[in-house]
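This report refers to the structure that appears directly beneath it.
First listed ligand is number 1; within each ligand, the first listed atom is number 1.
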Amino acid sequence: MTQASEDESRHPFLKGLSKHRGAPPTVVVIFGASGDLTARKLVPAIFNLGVDNLLPGDFHLIGYGRKEIPDEEFRSLMDEAIEEHSRRPLSKEIWERVRHNTTYHAGGYDEASSFASLAEKIDGIEKEIGREVQRLFYISTPPSVFEPIISNLGSSGMAKAHLHTKFASKVIVEKPFGHDLGSARELNAAINEVFEESQVYRIDHYLGKETVQDLLVQRFANSIFEPIWNREYVSCVQITVAESLGVGSRGGYYDTSGALRDMIQNHTMQLVALTAMEPPVSLDPESIRDEKVKVLKAIQPLALDAEDGDVVRARYESGLVDGEPVKGYKEEEGIPEDSFTETYAALRLSINNWRWKGVPFYIRSGKRMARRASEIAIQFKRPPGILFSEGNKFDVASNTMVISIQPDEGVTLVMNSKIPGLETRTQPVKMHFRYATTFGSNTPEAYERLILDAMIGDSTLFIRGDETEASWKLITPILDHWNEAGEEGLATYAAGSWGPKESEQLLASNGHEWRRSG
Ligand code: NDP
Ligand code: BG6
């Protein structure tokens, strides 16, 4: 009997509807279940997987945390979370199936006895349904308790349950994955003491975004891009991950992190890796991750000098966002007087391999920028300035392919066209493909895809241990340098602008300038 027909026989209402991708019976345990991420992203994602009939017939959810929360109160909190944050309205009929199997387990993250009772609870579920279940542990707490949780999953025996079968336990680890190379290595070592690498799912929610996944399809399912995706044709690559929001109520966390750790080390470097990697030999997780690691390792160490270095950092000051006055970073709630944390970082990367040698990759990310816009722009070399130029003055634009990650997801090609009329004059024009126009706008949230993939054991969209270390290896010397320098060299920019003028300099020395994104 197949998984789908087994599920249908146990749950007749699924008959004819089941199209899930084969997740075995699963118990998801969320550590830190009273937190923000659970309410805003995780539980709404689980609900939407239910709507799409992608949850296994036997699906159980256990929230874990230090607070005492009665089961029914936890269920009500999750109802509210879905009502407030789900992309689709709460359907009581669909949610009831999960709700009925949702409980809360109170305990400390370093308390062996609470893990022992959690293990018993899950064993009880297995007995009750009369078959094996997969245990999927989602660590959604602050990083200070990642290691005790992992260690207790080991000593309670839960990490090894059904190892080497399709019911083997899995662990999803949230960001931040360490705060520098040393701590990332320690965390990897702690995880690998308890779990085999195939059981580990390090999350980067950018990989769950539709447009980020589409990057691989654009590159490798079309034959027109590959021949020009290299140093012969590309002049530079610009990756922007800009937010118009400030730090809001997360000042306490953010001040210990900064833009480099919060956005560049993980999300932005993943975009670099997917843009620059070689074609993988197949779409299996290891082939893709091997290529990503290779390209991350080919990035040269960055020059850190203030003059003509490869890095720029800055902090936002008060300004106008969408016409509204907003305060500067130092005035935000929870930011210490002596903070020198950057809210903007820009880097110029050189990838020392056959494909990219000599092509600068400029990357930037910041809070309180002019607008929310994340994009990858491949800027091609100009044609020789022989035709359509006046007095040797070049007046055609560079061709640019822009992959808009969010919002307004899509792909744009900038090319030159003749302006209608009796003279031959050129103007850059845009060819647009918009997801929303072609496919409609209600696409799955990143966490839906990622939770589903972890349940079915597909780690393609998760970060491997060596990948995270390769990225930290590049970033850590910058952090050390900035820590030593303190406030010195920290530029400023007005909230609502495109960042500090110093970042223009990174590009100007190669004759480039930042695109106006969005
Ligand atoms: P929260 O700060 O809301 O914490 C989650 C839960 O962890 C809390 O409800 C609390 O549960 C427990 N907790 C909080 N502080 C501590 C502490 N000092 N020691 C032990 N337990 C603590 O975190 P989020 O839900 O916002 O985020 C969870 C994880 O996801 C973090 O690693 C974060 O970096 C990551 N993340 C969050 C995003 C978001 O948008 N929120 C986005 C991307 C990643 P209790 O007291 O019941 O034990
Ligand atoms: C998180 C960062 O990882 O990503 C936040 O901690 C940031 O600071 C967020 O706001 C951005 O995610 P998205 O999906 O809104 O681009």
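Tested against Met269, the residues Thr468, Asp204, Leu474 include a single side chain to side chain contact (heavy atoms under 4.5 Å, CB included) partner, Leu474. Test Arg289, Arg202, Lys170 against Glu197 for salt bridge (charged side-chain N to carboxylate O under 4.0 Å, His left out) and you get one pass: Arg202.
Looking only at heavy atoms of the protein, atom 46 (O) of ligand 1 is closest to Arg66 NH2, 3.0 Å. Nearest protein neighbour of atom 37 (C) of ligand 1, counting heavy atoms only, is Leu37 CD1, 3.9 Å.
A donor-acceptor contact closer than 3.5 angstrom is absent between the side chains of Lys430 and Thr412.
When only interatomic distances are considered, the shortest N/O to N/O separation between Pro142 and ligand 1 does not fall below 3.5 Å. For ligand 1, none of its N or O atoms has an N or O atom of Arg250 under 3.5 Å away. For Tyr447, no nitrogen or oxygen atom sits less than 3.5 Å from a nitrogen or oxygen atom of ligand 1, counting backbone and side chain alike. Taking distance alone, with nitrogen or oxygen atoms compared against 3.5 Å, Thr141 approaches ligand 1 more closely than that limit. Inclusion of Tyr253 in the set of residues having an N or O under 3.5 Å from an N or O of ligand 1 is not warranted. Checking only distances, Pro143 never comes within under 3.5 Å of ligand 1, N or O to N or O.
Residues of the protein with a heavy atom under 4.0 Å from ligand 2 are Lys175, His205, Tyr206, Lys209, Glu243, Arg250, Asp262, Met263, His267, Lys367, Arg372, Gln406, listed by chain and number.
With values rounded to the nearest 0.5 angstrom, Leu274 atom CG is found 6.0 Å from Leu207 atom CG. Distance check: Ile30 CD1 to Tyr64 OH gives 14.0 Å after rounding to the nearest 0.5 Å.
Heavy atoms of Glu174 found under 4.0 angstrom from ligand 1 belong exclusively to the side chain. With a 4.0 Å cut-off on non-hydrogen atoms, Asp36 touches ligand 1 through its backbone as well as its side chain.
Looking at every heavy atom in both residues, Lys367 comes nearest to Tyr316 through O-CD2, 3.9 Å. The minimum heavy-atom distance linking Tyr109 with Asn152 is given by the pair O-ND2, 3.2 Å.
Residue contacts with ligand 1 do not include His205, since none of its heavy atoms lies under 4.0 Å from the ligand.
Arg449 and Asp453 are joined by a salt bridge, as a carboxylate oxygen and a charged side-chain nitrogen come within less than 4.0 angstrom of each other.
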